[in-house]
Amino acid sequence: EADIYQTPRYLVIGTGKKITLECSQTMGHDKMYWYQQDPGMELHLIHYSYGVNSTEKGDLSSESTVSRIRTEHFPLTLESARPSHTSQYLCASSEGIGGHTEAFFGQGTRLTVV
Amino acid sequence: DQQVKQNSPSLSVQEGRISILNCDYTNSMFDYFLWYKKYPAEGPTFLISISSIKDKNEDGRFTVFLNKSAKHLSLHIVPSQPGDSAVYFCAASSSGSARQLTFGSGTQLTVLP
């Protein structure tokens with residue numbers, strides 16, 4: 001069973017609020033990812049990190065930002081939430097560079113901006 | 001442009017029968033393919049994978065077949081069980097993209113008792 005945790009599981013918040021979605025893993029994985037998924041759609045990569053102090057934007061443009069100060073922690077922040085940010089946010093991690101390896105996912109955060 | 005396509009948004013199968021989920025890809029650089037299963041309000045869980053050097057990989061009730069010339073893979077579940085009802089995502093990666101996963105849009109499998 002994967003040891004990757006996301007909090008909160010569900011969040012309903014008003015427009016303009018600042019939010020941080022937490023993601024932690026205890027597997028010592030170097031790579032971490034944030035995906036965004038809407039119902040019936042594919043998972044879109046919005047941010048990734050290959051290690052401490054490394055962050056990159058993914059394929060899908062996002063107004064969110066991420067940080068990677070510790071290996072195990074990869075929080076995502078929205079400075080000013082909007083209804084268009086309503087979605088499911090999934091955090092994942094995988095082992096280091098090279099080789100075939102699967103990504104392990106957290107349980108996700110369902111964000112609703114009203 | 002979607003590089004990984006799952007053209008069937010849904011599939012219903014009777015319990016005990018075979019479920020076949022299909023996936024097509026367009027990027028010839030993909031060399032590793034994975035299937036994930038996702039329940040509502042939860043994150044995807046890894047099911048099975050296959051490298052491009054193989055054409056079949058089996059794990060219990062789950063078998064993945066890869067046809068590189070057709071850029072097609074399929075997941076077979078035999079026998080199907082009601083607990084298999086979930087959304088199944090196909091994903092692919094390549095060494096050129098540093099092993100980032102590209103996902104399809106998923107197929108909702110419903111196994112009827």
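What's counted below: heavy atoms across the whole structure, side chains too, no hydrogens, waters or symmetry copies. Remember, it's a predicted structure, so these values are computed and weren't measured experimentally.
Ring geometry for A:W34 versus A:F74: interplanar angle of 30 to 60°, hence tilted.
There is no side-chain donor-acceptor pair under 3.5 Å between B:S74 and B:N22. B:T107 and B:S8 share no side-chain donor-acceptor pair at under 3.5 Å.
Between chain B and the residues A:T109, A:L43, A:L45, the most heavy-atom pairs under 4.5 angstrom are made by A:L43.
For B:P9, no part lies under 4.5 angstrom from a heavy atom of chain A. Only the side chain of B:Y36 comes within contact range of chain A, with heavy atoms under 4.5 Å apart. With a 4.5 angstrom heavy-atom cutoff, B:Q108 does not touch chain A via any of its atoms. At a 4.5 Å heavy-atom cutoff, A:Q6 makes no contact with chain B through either its backbone or its side chain.
A cation-pi arrangement is present between A:K31 and A:Y50, with the terminal nitrogen or guanidinium carbon under 6.0 Å from the aromatic centre and inside a 45° cone about the axis.
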Walk me through it: do B:F62 and B:D84 pass the test side-chain contact (heavy atoms from CB on, under 4.5 Å)? CA-CA 11 Å; B:F62 303 92; B:D84 295 330; 4.2 Å; yes
